[in-house]
Amino acid sequence: MNSFNEAIAQAVAATGAFELEQAKKLITVPTDTEHGNFTLPCFVLARSLHKAPKVIAEELAPKIELPSGISKVEAVAGYLNFFIDRKFLAKSILEAVATKGLDYGHADSNGKIVCMDYSSPNIGKELAFHHLRSTMIGNSLARIYKAAGYKVVRINHLGDWGTAFGKLIVMYLREKRPTDQATLDSLTVKELNILYASFSKAAEAEPELEDEARAAFSKLEKGDEFYHQLWLAFRAATLKELMRIYKMMGVDFDYYTGESFYEDKMPAVIQDLETKGLLERSEERDVVKLDEYKLNPCLIRKSDGSTLYATRDLAAAIYRKKEYNFDKCLYVVDLGQALHFKQVKLVLKKMGYDWYDTLVHIPFGVILNLIDGKWEKGKTRTGKAKLLRDVIEAAQQKILDFINQKNPELENKEQIAQQIGISALTFNDLKNHRLMDVKFDWDSALSFEGATGPYVQNAHVRLCSIMRKAGYDVNLQDVDFDQLSDDAAYELIKLLAQKSEKIRKACETDEPCELAQYSLDIAGAAHKFIHDDRVLGSAEEKSRLFLVKCTQIVLEDVLVLLGLFPVRNM
RNA sequence: GCGAAUGUGGCGUAACUGGAUAGCGCAACUGGCUACGAACCAGUAGGUUGCAGGUUCGAGUCCUGCCACUCGCACCA
């Protein structure tokens, strides 16, 4: 579609009325299909030519030499509307899809490297439902960046270090739990979760427990062997469950380098800060002041000498730059941490790292639950947050009930129900702008109709079903493109043509919702096409079957880019 | 108090980055299966885009000021 834009801009520029760059910038796709495929508003010329825009457009239209593929130009109300030749479009797009397959619309490698830090849950707690956001936005962005030509390094920056472990250790010992190796090896994350919750509860009555926890972490950080052993066991127990859920959700990482990984890399960073004269003593803590940016100081070391979140993120950023030499490093973390990333970036800047600006925080809104008629943020500390595995299970069950009712003979239905269920939850999370809070309620998240994962999956399934029933494969040579120029087919082909720009835009804006909305558009147009245009047994069977095939290919890949599991049967 | 995010029919939201009559989904009402999968399609009704100014040929979109809701702001991550 970009080539059309370019060609039209050149044709318009050839008349002398517009500069090439100016025309390129002004040409857009009109909202109303009545107004053609591309439109060029002529209002900007009104002043210099001292003519009404309407007149300018009317005079210009006949002078334009139409580029190939453009069938006509109309002057309406000051706009020049260009119409694509349907047959030309069908041929060029379907040829491209058939040749490139799932890779159609993907960019060639641009030689750039992007690190992505996402999911990054805390060890010692079960994955709560709200962890879905960072996990699935990051997972989708990783796939989108790859399709846009980047080399992607996927990092799970596990929260496996910090005061939380002090809390767990304090509580574990306080409850006098056995500490032999066999018991430690059999620990489950569920037990840790309970332990964590009971700490929070106990600390309400005895605030001094917080100090004990800080002291315990400090001891751990200083290398206490026994505490280290406990820590290892806590970490292993959580990781096991974590991997199970990631596998189920189709989420992958290249590295599980958590915060503990940077433990031995922090002294050098602190030394560096000291050498550069940035470290200051303030209220018994070591900080880097950011007064010149009107920000609170960035805390580097607590009064007991142990490190903080920011210290570890500094070490991590420096390590990643050295190890992966990224062009860009994304942090898919909720909006509430915007200040933290601002501080970390500015400290890196003060340290003289000119790449500080290539760290990009990709913020997103929180998940809200309807509690007593009000939208509220889910909380892990009270232990009240919905567990991700429970939500997935509920989704799977609901879909399974539906399958049993609609299609009881389906093979593998448990697995398919799980895939559709996870897809539904994921889609619900990705379909709108990241920064919007996600208002979660069971009915709409697990709904089957309208703008949902199942709706898109259903379109894919129906396309697959038609191909299966046809019983043979069609090729490009079998197609008569004149038979694909009716409205339903044309609207669908127009959408297929947009794949590469949708990927590019999703990547530029870091918004998976670009592709989610795109998948809805394709699904809608596909449903309409197979509703309006009978495929099997019609005179246009082969041509239409070919469009079905191409649509299925495009839709499948878009679903994969979103991190869904495209199913062929449901 | 300072900073950030959001505000679009009853509800949930989109609008190709400043373009034409603000698009879609739930919910409501209506029509379409002896039909390639009806988890679908089509239609009706529902809007002063939070408020007030400003910028210009043109503003949901940009600027200023309010209002509402949410989140952050020193030893949690």
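FYI, side chains are in, hydrogens and waters are out, and symmetry mates aren't considered; it's all heavy atoms of this structure.
- Across all strands shown, A:Pro363 has no heavy atoms under 4.0 Å from either base or sugar-phosphate atoms.
- Remark: aromatic rings of A:Trp161 and A:Phe217 are close, center separation under 6.0 Å.
- For the pair A:Lys167 and A:Phe199, the cation-pi criterion (under 6.0 Å, within 45° of the ring axis) is not fulfilled.
- The residue among A:Ala77 and A:Asn122 whose nearest nucleotide of RNA chain B lies closer to the 5′ end is A:Ala77.
- Taking atom NE2 of A:His527 as the reference point, atom P of B:C24 lies 17 Å away to the nearest angstrom.
- Proximity of A:Arg534 to the phosphate of B:A35: no side-chain N or O atom is located under 4.0 Å from OP1 or OP2.
- Judged by distance alone, with hydrogens and angles left aside, A:Ser282 brings a side-chain donor or acceptor within reach of the base of B:A74, the pair sitting under 3.5 Å.
- A:Tyr455 comes within 4.0 angstrom of the backbone, heavy atoms only, and of no base.
- Test A:Val12, A:Asn81, A:Leu80 against A:Val73 for side-chain contact (heavy atoms from CB on, under 4.5 Å) and you get one pass: A:Leu80.
- With B:A77, B:U56, B:A74 as the choices, the nucleotide that has an atom nearest any side-chain atom of A:Pro297 turns out to be B:A74.
- Under the ring pair (Phe, Tyr, Trp, His ring centres under 6.0 Å) rule, A:His157 has a single partner from A:Tyr262, A:Tyr309, A:Tyr118, A:Tyr256, which is A:Tyr262.
- For the pair A:Lys350 and A:Glu292, the salt-bridge criterion is met [side-chain N within less than 4.0 Å of a carboxylate O].
- Listed nucleotides B:G72, B:C40, B:G19 differ in distance to A:Val44; the shortest reach to its side chain belongs to B:G19.
- Pairing for B:U44 goes to B:A28, judged as Watson-Crick or G-U wobble with the two contacts each under 3.5 Å.
- Look at A:Lys24 and A:Glu21 and you find a salt bridge, because one of the NZ, NE, NH1 or NH2 atoms lies within 4.0 Å of a carboxylate O, short of that distance.
- Residue A:Asp533 is in base contact, counting any heavy-atom pair closer than 4.0 Å across all strands shown.
- The nearest whole Å value for the distance from the CZ atom in A:Arg504 to the C1' atom in B:U17 is 12 Å.
- Between the OH atom of A:Tyr518 and the P atom of B:A14 there is a distance of 19 Å, rounded to whole Å.
- A donor N or O paired with an acceptor N or O is found under 3.5 Å between the base of B:A20 and the side-chain atoms of A:Thr39.
- Base contact: A:Ile403 has a heavy atom under 4.0 Å from a base atom.
- Nucleic acid contact for A:Ser218: none, since no nucleic acid atom lies under 4.0 Å from a heavy atom of the residue.
- Ionic pairing of A:Arg214 and A:Asp211 is present here: one or more N-O contacts between side-chain nitrogen and carboxylate oxygen are shorter than 4.0 angstrom.
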**Report entry** Audit row: A:Leu335, A:Phe364, side-chain contact (heavy atoms from CB on, under 4.5 Å) steps and yes/no
**Finding:** CA-CA 5 Å; A:Leu335 177 63; A:Phe364 54 83; over 6 Å; no

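- Contacts of A:Thr163 with the nucleic acid, taken as non-hydrogen atoms under 4.0 Å apart, involve only primed sugar atoms and P, OP1 or OP2.
- Across all strands, A:Asp441 comes closer than 4.0 Å to no nucleic acid atom at all (heavy-atom distances).
- In this structure, A:Phe440 has its ring center closer than 6.0 angstrom to the ring center of A:Phe129.
- The partner of B:G1 is B:C73, judged by Watson-Crick or G-U wobble contacts that both fall below 3.5 Å.
- Pair check for B:G23 finds B:U13; Watson-Crick or G-U wobble, both atom distances under 3.5 Å.
- Spacing of C1' atoms, B:C76 relative to B:G72, comes out at 14 Å, to the nearest Å.
- Residue whose closest nucleotide on RNA chain B sits further toward the 5' end, between A:Ala310 and A:Gly524: A:Gly524.
- Note: A:Phe341 and A:Tyr331 have tilted aromatic rings, judged against thresholds of 30 and 60 degrees for the angle between ring planes.
- Taking only side-chain atoms of A:Ser465, from C-beta outward, the nucleotide of B:G37, B:A74, B:C57 with the closest atom is B:G37.
- If you take CG of A:Leu520 and P of B:G23, they are 18 Å apart, rounded to a whole angstrom.
- In this structure, A:Gln343 atom CD and B:G72 atom P are separated by 14 Å, rounded to whole Å.
- The CZ atom of A:Arg301 sits 19 Å away from the C1' atom of B:C76 (whole-angstrom rounding).
- Comparing atom distances between the A:Glu449 side chain and each of B:C40, B:A20, B:G72 picks out B:C40 as nearest.
- The side chain of A:His531 lies closest to B:C41, out of B:U56, B:A77, B:C41.
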Report summary line: Protein-proximity profile, nucleotides 3-13 of chain B, B/S/- by nucleotide at the 4.0 Å heavy-atom cutoff, equals --SSS----SS

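- Base engagement by A:Gln337 is indicated by at least one non-hydrogen atom pair under 4.0 Å involving a base atom.
- As judged by a 4.0 angstrom heavy-atom cut-off over every strand, A:Asp32 is placed among residues making no nucleic acid contact.
- Nucleic acid contact class of A:Arg312 (heavy atoms, under 4.0 Å, all strands): sugar-phosphate only.
- Looking at heavy-atom distances under 4.0 Å, A:His35 makes contact with a base.
- Using a 4.0 Å heavy-atom distance criterion, A:Asp304 is classed as making no nucleic acid contact.
- The gap from the P atom of B:U17 to that of B:C62 amounts to 13 Å, rounded to the nearest Å.
- Residue A:Lys505 is in base contact, counting any heavy-atom pair closer than 4.0 Å across all strands shown.
- Nucleic acid contact class of A:Ser303 (heavy atoms, under 4.0 Å, all strands): base.
- Under the stacking definition used here (centres under 5.5 Å, planes under 30°), the residue A:Phe43 qualifies as stacked on the base of B:G19.
- Aromatic stacking of A:His340 on B:A77: not satisfied for centres closer than 5.5 Å together with planes under 30 degrees.
- Taking side-chain N and O atoms only, A:Arg468 has no distance below 4.0 Å to OP1 or OP2 of B:G37.
- Classified by its glycosidic torsion, B:U17 falls in the syn category, the angle being within 90° of 0.
- Taking atom CD on A:Glu280 and atom P on B:A74, their separation rounds to 17 Å, with Å as the unit.
- With both pairing distances under 3.5 Å, B:C62 is matched to B:G54 as a Watson-Crick or G-U wobble pair.
- Under a 4.0 Å N-O distance rule, the pair A:Asp533/A:Lys528 does not qualify as a salt bridge.
- Whole-Å rounding puts the A:Asn407 CG to B:A38 C1' distance at 14 Å.
- Minimum atom distance to the side chain of A:Leu299 is reached by B:A74, of the listed B:A74, B:G32, B:C73.
- Side-chain contact of A:Ser218 with A:Lys222: a donor-acceptor pair under 3.5 Å is present, judged by distance alone.
- Between A:Lys294 and B:C73 there is no side-chain N or O to OP1 or OP2 distance below 4.0 Å.
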